[in-house]
Amino acid sequence: MRFALVGTGLMAQEHIRNLALVEGMQVVALVDPEESSLDWAKASLRESFGTSHDNIACFANVSDMVGAVDVDAVIIASPNYTHHDVLLPLLETDLHILCEKPLCTTVEDAQDIARRVAGHQGVFWVGMEYRFMPPVSSFIADVHTGRAGQLRRLALHEHRFPFLRKVGDWNRFNRNTGGTMVEKCCHFFDLMRYIVQAKPVRVFCSGAADVNHQDERYDGQVPDIIDNSYTVVDFENGVRALLDLCMFAEGSEEQESLVAIGDKAKLEVGIPSGIKVFSPRSAQNTPAEIVREHVDVDSSVLAAGHHHGATYFQLLAFLDAVAGRGPVQVTAEDGVWAVAMGAAAELSAREKRAVEIAELLPL
Ligand SMILES: NC(=O)c1ccc[n+]([C@@H]2O[C@H](COP(=O)([O-])OP(=O)(O)OC[C@H]3O[C@@H](n4cnc5c(N)ncnc54)[C@H](O)[C@@H]3O)[C@@H](O)[C@H]2O)c1
């Protein structure tokens, strides 16, 4: 498989390291307007694949790459606000596409892309990879096989470090990212929908930019991105879900923890510990028979990224879809829903009211 990488910054480095772990993968073209990012990718390719890629085909924009070099698949890891325009020429081809999350920064752009994907021949996949962290996948399988009984409540917690610096600092402003609830939290809204297996109906988010980046200035402007929030989502099947985000909690033992409670038991999983906890209900005053399990991930896979193996396992699933061995697991429609839920949360936090999903996306 010959890959082109569009956007060769931080996330592209992770894709390079993971591509190098899979036999038969090659990176044959790079697209980035920044020379320093192209050089970063070449160095990373040399290190990961063990061969010089100094003469690899490089382009400043994606239109110049299309048709100029033979590729089979493209990974888009350019800033969120570029995804829509980067995708337009690619969707005119039959190339397989893995587009980093969020699909786009607005619901309208995401819907436009989903419409175009319907007429596209290749695989189209949105990189909402948290589904593919092995402990999370195992937790989801437990929920879906009924280990908790009928699911009633789902809580997702992310307590982590502030947003990292990006090339050109694009991630400091909502206009470039879609807002934190889209940019970061599309992962969690996708997880919610996937776990609950129903449509979200309404969203209430209380969130603000309270602590991080307030002393930073970019052309005199203060970053406006939410750094902490609580978001409650009601689903069509009666399940209620919570997303608890705090981006000034880098001391936290678990970065992510997921808690699903059904009518028979409570299920939990933590990242990075990889520990799942099963706590069945018990008769009053009787201790529950708690089961703790550890979900292992190969150390070379863990070392290839910052997402607990997700990038690697997502790549394998993407390759299965390309080879016709498996389905597209994160579709353009999934991408649209995640953007819509994030946009609803942003609107809710701004206007301090519950937002019906139907206001943004007809159900
Ligand atoms: N899946 C995940 O968990 C995850 C994690 C981090 C980032 N991401 C996503 O990956 C994407 C890239 O993020 P990053 O952290 O690598 O950012 P980054 O700033 O480190 O890199 C982005 C690169 O894209 C380049 N670029 C800008 N405009 C471009 C264009 N029109 N065409 C091609 N390249 C262009 C920039 O010069 C830069 O080198 C974003 O969409 C982000 O949301 C996903």
Side-chain angles (χ1 to χ4, degrees), residues 4-18 29-44 57-66 74-90 97-106 109-110 113 125-133 136 158 160-174 176-191 218 225 247 255-256 271 304-315 317-318 329-330 334-335 338-339 342:
L5 301 180
V6 177
T8 58
L10 196 64
M11 193 58 199
Q13 314 303 315
E14 178 158 333
H15 284 295
I16 289 170
R17 289 193 296 275
N18 282 280
L30 303 175
V31 182
D32 200 303
E34 286 288 333
E35 203 63 42
S36 58
S37 295
L38 292 169
D39 289 344
W40 191 10
K42 287 178 195 170
S44 186
C58 290
F59 304 89
N61 71 72
V62 74
S63 301
D64 291 346
M65 187 271 290
V66 171
V74 180
I75 295 178
I76 298 171
S78 55
N80 304 356
Y81 68 90
T82 67
H83 291 179
H84 180 268
D85 288 357
V86 159
L87 280 166
L88 295 185
L90 292 173
I97 301 170
L98 192 164
C99 179
E100 267 303 342
K101 63 79 204 166
L103 178 52
C104 293
T105 54
T106 66
D109 280 358
I113 293 301
W125 187 294
V126 185
M128 282 180 305
E129 58 183 30
Y130 283 31
R131 297 181 185 195
F132 297 93
M133 292 179 182
V136 172
E158 183 166 68
R160 57 162 272 181
F161 49 89
F163 278 118
L164 300 174
R165 285 203 172 273
K166 299 292 163 95
V167 178
D169 299 308
W170 61 269
N171 68 343
R172 292 309 198 243
F173 293 96
N174 291 329
N176 298 330
T177 66
T180 301
M181 304 311 294
V182 173
E183 142 78 348
K184 159 92 279 208
C185 298
C186 60
H187 278 304
F188 299 109
F189 292 131
D190 177 64
L191 275 181
Y218 302 92
I225 46 178
M247 300 193 66
Q255 182 167 313
E256 283 94 21
I271 303 290
H306 302 284
H307 299 93
H308 209 82
T311 306
Y312 176 77
F313 290 103
Q314 173 183 250
L315 173 62
F318 173 76
Q329 295 188 42
V330 194
D334 291 322
V339 171

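One-based numbering, in listed order, for ligands and for the atoms of each. Sequential numbering from 1 along the given sequence is applied to the chain's residues.
At a heavy-atom distance under 4.0 Å, atoms from both the backbone and the side chain of K101 approach ligand 1. By the criterion of a heavy-atom distance under 4.0 Å, the side chain of E183, and not its backbone, is placed next to ligand 1. Counting heavy atoms closer than 4.0 Å to ligand 1, residue H306 contributes nothing at all. Heavy atoms of S78 found under 4.0 angstrom from ligand 1 belong to the backbone as well as the side chain. Contact annotation: for T82 versus ligand 1, heavy atoms closer than 4.0 Å belong to the side chain alone. Looking at K166 against ligand 1, both its backbone and its side chain come within 4.0 Å, counting heavy atoms.
By the 4.5 Å heavy-atom criterion applied to side chains, H306 and Q255 are not counted as neighbours. Side-chain atoms of L90 and V66, non-hydrogen and from C-beta on, do get closer than 4.5 Å to each other.
At the shortest separation from atom 42 (C) of ligand 1 among protein heavy atoms lies N80 OD1, 3.5 Å. What sits closest to atom 13 (O) of ligand 1 on the protein, heavy atoms only, is W170 CZ2, 3.7 Å. Ranking protein heavy atoms by distance to atom 25 (C) of ligand 1, first place goes to D32 OD2, 3.0 Å.
Distances below 4.0 Å separate heavy atoms of P79 from the following atoms of ligand 1: 22 (C), 24 (O), 25 (C), 26 (N), 27 (C), 28 (N). Listed by number with element, the atoms of ligand 1 under 4.0 angstrom from any heavy atom of E34 are 37 (O).
Checking N171 against E183 by side-chain atom types alone, no donor-acceptor pair falls below 3.5 Å. A donor-acceptor contact closer than 3.5 angstrom links the side chains of H15 and E100.
Taking CG from L103 and CG from D190, the interatomic distance works out to 11.5 Å, rounded to the nearest 0.5 Å.
Compare P33, G305, S63 by their heavy atoms: the one nearest to atom 35 (C) of ligand 1 is in P33. Among H83, H187, E35, the residue whose heavy atom lies closest to atom 2 (C) of ligand 1 is H187.
Exactly one of I76, V31, N61, V74 qualifies for a side-chain contact (heavy atoms from CB on, under 4.5 Å) with V86. That residue is I76.
Of the N or O atoms in A12, none lie within a sub-3.5 Å distance of an N or O in ligand 1. Annotation: P102 places no N or O atom under 3.5 Å from an N or O atom of ligand 1; distance criterion only. An N or O contact shorter than 3.5 Å links S37 to ligand 1 by distance.
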